[in-house]
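Below is one structure, written out as structure tokens; comments come after it.
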Amino acid sequence: MATRIHPLLVAFAALVFFFLVGPLVIIVGAALSDTSFLTFPPQGLTLHWFSNIFEISAFRETMTTSFLLAFLGTSLSLLVGIPAAYALHRHRVTLPTWLSTVFVLPVLIPEIVFGFSLMKSATAAAGLPIFASLLIGHALLVLPYCVRVVSASLAAFDFSVEEAAVSLGSPPLKTFFTVVLPNIRAGAIAAFILAFITSLNDVSVSLFLTGPGISTLPIQLLAHMEQFFDPTIAAVSVLLMAVTVAVMAVVEATLGLSFLTK
Amino acid sequence: MTRRWLGWALAAPATIAVAIFLVAPVLATFATTFGGPKGAFAAYAAFFGSGFRRTVLYRTTEVALITTAISVFVGFITAYVVSRVRGKAKSILIIAAVFPLLTGVVVRSFAWLVILGKNGILNTALLDLGLVSEPLSMLYTEGSVIVAMVYLFVPLMILTSVGVLEGIPDDLIQASTSLGASPAATFRQVVFPLAMPGIIVGAVLVFTGSFTSYATPQLLGGERQMMMGTFLYQRAMVTFDWVGASTVAVIMTVVTIAIVLLMSRIARRLNPAAV
């Protein structure tokens, strides 16, 4: 069915999409420009700025830290998040309703407040190593995503299948790994990938938790921008956008991008 | 046969992690702001007693409100168009909205530095066209912060609204049209009221997101347009005034939670489907 849309509305939406995509196109152009300053359209084409990223040790190191942090933090989060999401569905009757609110808390507390508080408690008061604090911060930052996305696939799972397996003599743990987990695999992959990109791009939580010698890529980018304003920043941005493209491809293949509008 | 302890055991690791590493540190932050030799509320008296700090809070609220208003308006109208498009074109539009959303805030704010800078793209274009005789200083103004924030949050508003609009049964719209309502009347009397709770949810996300943001005000506002996020950082890491920083943190948290609770209550009351 199609109620006709007013042409003015269509024109408005077209402008909005131009506004959304334009700045990103500008970054790609600026990254390719053969000039020492940021400009668009690019003047001459070069890949020099991309190789320059890897010549700056601060970018090399923070990139490694960021990817490692995103991978470990997300894994840790799923490790505690999947059982929690499972419990919230399977054991709904025996668990109090406020329990599900616990996993929304990281969303209610502003990220920057969480980062600042964790820095005071974990790094300053308890003397935790910087990387450990960062890892804890990132794992908690993405926990709501993990629980929510896994919950969404558990909501579509028919638990009578699990009961059937158990009643036929399959041990509970084996049932979880052979019956439940394969059925929520798409959700778990999507949760992983969305949490990964959230962690990779995070500024507000990492801001206070990075310290001497250990920083993350977005924090390093912010610091770099205050001193230098060359196309290297644009090149790093393009690399990060390439990661976004990969993430979108995985989400589309697992849950479908329409999941994000729900 | 469900064993009572099993559910608790499965939920325990995540719950304990949230309690130890999130709830306890945030409560500790709250605790440091009360008490002290100058009375229980001295930290807040200091905050609200300072003209500069009141300006920071006022500016942050203003920027967040304007960002929310523009994002909701622009996002909802765009979402309405997206929800009426079918097939491949629709997937492309959804991708165009998701892509910026999944791109980091530093990258997206950086784009506006390149556009709005003194030697930026906009200034170059204006000079080339002869519209201005010397470059305009657009950076480090409230306007530049708002533009970048709207850029940050419009995709979120589009996707939230598309979700809400798709949830409205086609039958209702057909019924309205077949009973003689014009498209405009259908929009005003059917679509909009049904979408209202969803719009409020989106608006809350935009408001709290911009109220507590750091990277965008830092890059596009700088020292001149200090906002709550950048002020919190400055207090904590530049002047090492942890009580002052904690006070800012508490105000941010209280405003966020208050807005979420208030608006979700209003959204629930407005939900025609629940009546």
Side-chain angles (χ1 to χ4, degrees), chain A residues 1-5 9-10 12-13 16-17 20-21 23-24 26-27 30 38 40 80-81 83-84 86-88 91 94-95 99 102-103 105-106 108-110 112-114 116-118 120-121 136 140 143 197 201 203-204 207-208 218 221-222 225 233 237 240-241 244 247-248 257 260-262, chain B residues 2 4 6-7 10-11 13-15 17-18 21-22 24-26 28-29 74 77-78 81 84 93-100 102-107 110-112 114-115 121 151 154-155 159 162-163 166 170 173-174 177 183 212 214-215 219 229 232-233 236 245 249 252-253 256-257 260:
Chain A
M1 87 96 235
T3 36
R4 289 186 55 89
I5 338 166
L9 285 181
V10 177
F12 181 83
V16 171
F17 279 105
L20 286 185
V21 178
L24 299 175
I26 288 173
I27 292 182
L38 287 156
F40 186 87
V80 297
Y86 173 80
L88 288 177
H91 300 271
T94 58
L95 293 174
L99 198 62
V102 168
F103 305 108
L105 274 177
L108 277 179
I109 306 293
I112 191 166
V113 172
F114 168 51
F116 169 64
S117 303
L118 189 60
K120 284 196 303 159
S121 299
I136 293 168
L140 279 181
L143 185 64
I197 192 100
N201 286 326
V203 171
S204 295
L207 189 62
F208 293 97
L221 263 180
L222 275 175
M225 263 179 235
I233 313 167
S237 303
L240 284 170
M241 285 194 246
T244 308
V247 162
M248 285 176 68
L257 284 174
L260 295 169
T261 62
K262 278 173 201 148
Chain B
T2 325
R4 197 178 171 81
L6 189 60
L10 289 169
T15 312
V18 170
F21 296 114
L22 186 116
V26 170
T29 295
V74 169
I77 292 185
T78 311
V81 175
R84 298 282 125 209
L93 292 180
I94 296 282
I95 287 172
V98 171
F99 187 79
L102 293 178
T103 304
V105 28
V106 175
V107 172
F110 164 68
W112 287 97
V114 180
I115 296 169
I121 289 149
Y151 183 65
V154 161
L159 292 174
V162 167
E166 309 252 280
D170 270 351
I173 294 161
Q174 271 168 343
T177 319
T212 63
Y214 171 80
L219 286 174
L232 167 58
Y233 183 78
M252 283 169 98
T253 312
T256 302
I257 294 179
V260 170

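Chain letters run A, B, ... following the sequence lines, proteins first, then strands; residues in each count from 1.
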Using a cut-off of under 4.5 Å on heavy-atom pairs, state which of [options] scores highest against chain B.
| options | result |
| --- | --- |
| A/Val21, A/Val10, A/Val102, A/Ile112 | A/Ile112 |
| A/Leu20, A/Leu140, A/Val16, A/Val113 | A/Leu20 |
| A/Leu221, A/Leu207, A/Leu99, A/Leu88 | A/Leu207 |
| A/Ala30, A/Ser121, A/Pro218, A/Pro110 | A/Pro110 |
| A/Val203, A/Thr244, A/Val247 | A/Thr244 |

ask   = So how far is it from A/Leu222 CG to B/Tyr214 OH, rounded to the nearest 0.5 Å?
value =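 Those atoms lie 6.5 Å apart.
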
key: Distance in Å, B/Tyr151 OH paired with B/Ile115 CD1, rounded so as to fall on 0.5 Å steps   =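 Spacing of OH (B/Tyr151) from CD1 (B/Ile115) equals 7.5 Å.
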
Max heavy-atom pair count under 4.5 Å with chain A, selected residue of [options]:
| options | value |
| --- | --- |
| B/Ile257, B/Val260, B/Leu219 | B/Leu219 |
| B/Pro155, B/Pro13, B/Ala215, B/Ala111 | B/Ala111 |
| B/Ala249, B/Ala11, B/Ala14 | B/Ala14 |

key: Part of B/Val26 within contact of chain A (heavy atom distance under 4.5 Å)   =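 Backbone plus side chain of B/Val26, per the 4.5 Å heavy-atom cut-off to chain A.
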
key: Part of B/Val154 within contact of chain A (heavy atom distance under 4.5 Å)   =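 Just its side chain gets close to chain A.
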
ask   = Which atom pair, heavy atoms only, marks the closest approach of A/Leu95 to B/Gly7?
value =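 Looking at all heavy atoms of both residues, the closest pair is CD2-C, 3.9 Å.
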
inquiry  = Is the distance from the ring center of B/Tyr233 to that of A/Phe208 below 6.0 Å?
reply    =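 When the ring centroids of B/Tyr233 and A/Phe208 are compared, they turn out to be within the sub-6.0 Å range.
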
request  = Check whether any side-chain N or O of A/Asn201 sits under 3.5 Å from a backbone N or O of B/Leu102 as a donor-acceptor pair, and report yes or no.
outcome  =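 Looks like yes, one N/O pair under 3.5 Å.
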
